Amino acid sequence: MEDFVPGGDGDPDPSRTFQSYRAQALSNANRAGDILWPGDFQLTEAQKAKVDGDIYEMMEAAVLWNAAAAWNHFMDTGVWTSLVFKQPPSAVPTPARKVAIVKMARGADTTKLLNEKARAEYRAFETALEAKGMELRLSTPDILGLRIPDPMPPGFQPFLSPLAGLSSANQLELETAWQGIQGALEGRHFLFAIAVKTSTRSDRLYQALFEANVLKYILGYVLRGPAIRFHAHLETFANADVKGRYRAASMTSLLAGGTPTKAIDLTYQAVSPRDTAQLILDELPSFPL
């Protein structure tokens with residue numbers, strides 16, 4: 001996939017599913033293994049599952065990056081140029097409303113994205129808990145949707161251009177782009193987070209609920225930003241009551257009183273890269289700030 005991002009402009013068949021791309025990747029790996037180690041190559045189910053999940057997350061992050069680049073071009077010019085993604089009907093060209101959709105690498109620290117003032121506020125909160133022998137760490141979701149600050153810090157420049165494909169260099173850019181925007185954000189810049197799951201194991205499902213509640217509390221209460229939205233994207237709902245589990249109420253909405261809301265705002269079966277990107281694009285005009 002060096003020459004295109006699955007589901008985006010340049011893809012010979014952008015209607016394909018995540019599964020079809022990953023099946024081809026597995027086939028390629030098996031064929032290469034048979035050539036390099038004939039008669040002595042075999043992938044275990046655990047190895048295939050691990051890589052399968054990584055590819056799924058990488059493809060989603062890439063297509064969302066390119067959808068955001070199409071949005072940003074429209075915000076700056078008023079011209080919609082993507083041939084695959086549709087212009088959201090209610091989108092209003094506004095240069096100050098550009099976004100970055102960022103893949104957070106495994107082990108990345110979300111607090112490093114905060115500017116000096118916001119980090120001090122978070123550190124004061126963290127220190128108060130530590131004094132009582134407790135902690136509540138800001139979790140790191142798989143993907144973050146961010147409002148690009150205006151004026152735009154230089155580290156956000158890459159998010160204005162689409163990725164040409166999923167070459168090794170572009171995969172590295174996806175994994176490391178978050179490092180270039182460290183120290184740039186306040187609570188108000190966080191729009192949404194996405195937990196990308198290929199497993200419906202109970203422990204994996206509850207992980208997203210914990211992340212959602214922690215993010216919403218720290219960003220909304222400690223850093224006084226608007227309510228971040230949280231998505232759970234799964235390829236399948238089989239073998240688990242996914243929608244039932246994700247009916248859980250947001251703890252912050254219960255603390256605030258008024259109308260309760262869900263911790264997981266949207267539970268989405270992400271089958272196709274193109275359709276998943278369009279879902280996010282169509283939501284962007286609904287953020288009031």
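This structure is a prediction, so every number in the text was calculated from the model and none was measured.
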_salt_bridge(D11, R16) N-O dist < 4.0 Å_ = yes

*Any salt bridge between D13 and R274, counting N to O under 4.0 Å?*
no

*Just checking, R31 and F41: is the charged tip under 6.0 Å from the six-membered ring centre and within 45° of the axis?*
no

*Distance-only, no hydrogens or angles: does the H73 side chain make a donor-acceptor pair with backbone N or O of V79 under 3.5 Å?*
yes

*Would you call E60 and K103 a salt bridge, taking side-chain N to carboxylate O under 4.0 Å as the test?*
no

*At their closest point, which heavy atom of L215 faces which heavy atom of P141, and how far apart are they?*
CD1-CG, 4.0 Å

*Can you label the angle between the Y122 ring and the F125 ring as parallel, tilted or perpendicular, going by 30° and 60°?*
tilted

*Check for a donor-acceptor pair, side chain of K98 on one end and backbone N or O of R147 on the other, with a separation under 3.5 Å.*
no

*Can we say E130 and R123 salt-bridge, meaning some charged N sits less than 4.0 Å from an Asp/Glu carboxylate O?*
yes

_Quiz question: by atom type and distance under 3.5 Å, do the side chains of T140 and T110 form a donor-acceptor pair?_
yes

*asked:* Assess, by modelled atom type and distance only, whether the side chains of Q179 and K112 contain a donor and an acceptor separated by less than 3.5 Å.
replied: no

*For the pair Y221 and Y217, name the ring-plane relationship: parallel under 30°, tilted 30 to 60°, perpendicular over 60°.*
parallel

*asked:* For D150, give me all partners under side chain to side chain contact (heavy atoms under 4.5 Å, CB included), at least two apart in sequence or on another chain.
replied: A96

*Check: E283/H231 side-chain N/O donor and acceptor closer than 3.5 Å*: yes

*Does R22 have any side-chain hydrogen bond (donor to acceptor under 3.5 Å, both in side chains) partners at least two apart in sequence or in another chain, and if so, which?*
Q19, D52, E235

*Of all the heavy-atom pairs spanning L191 and L289, show the shortest one and how long it is.*
CD2-O, 4.2 Å

*Do F74 and L281 come close enough that some side-chain heavy atom pair is under 4.5 Å?*
no

*Indicate yes or no: at least one non-hydrogen side-chain atom of L138 is less than 4.5 angstrom from one of T111.*
yes

*Between P285 and R97, which heavy-atom pair has the shortest distance, and what is it?*
O-NH2, 4.1 Å

*Using atom types as modelled and distance alone, determine if a side-chain donor or acceptor of S250 lies under 3.5 Å from a backbone N or O of A263.*
no

*Answer yes or no: is there a donor N or O on one side and an acceptor on the other, between the side chain of N115 and the main chain of A184, under 3.5 Å?*
no

*Quick one: do E186 and K117 make a salt bridge, cutoff under 4.0 Å?*
no

*Kindly check if the number of other-residue, nucleotide or ligand heavy atoms within 6.0 Å of CZ (R247) is above 12?*
no

_Ignoring hydrogens, what is the shortest heavy-atom contact between A270 and T276? Give both atom names and the distance._
CB-OG1, 3.5 Å

*Quick one: do R106 and D54 satisfy salt bridge (charged side-chain N to carboxylate O under 4.0 Å, His left out)? Show the steps, please.*
CA-CA 10 Å; R106 190 169 285 107; D54 289 345; 3.4 Å; yes

_Side-chain heavy atoms nearer than 4.5 Å, only ILVMFWY residues, links allowed to pass through others: does that put W80 and L284 together?_
yes

*What are the two closest heavy atoms between P95 and D76, and how far apart are they?*
CB-OD1, 3.6 Å

*L43 to L26 - nearest heavy-atom pair and separation*: CD1-CD1, 3.9 Å

*asked:* Below 30° counts as parallel, above 60° as perpendicular, anything between as tilted: where do the rings of W65 and F159 land?
replied: tilted

*Are the side chain of N170 and the backbone N or O of G165 linked by a donor-acceptor pair below 3.5 Å?*
yes

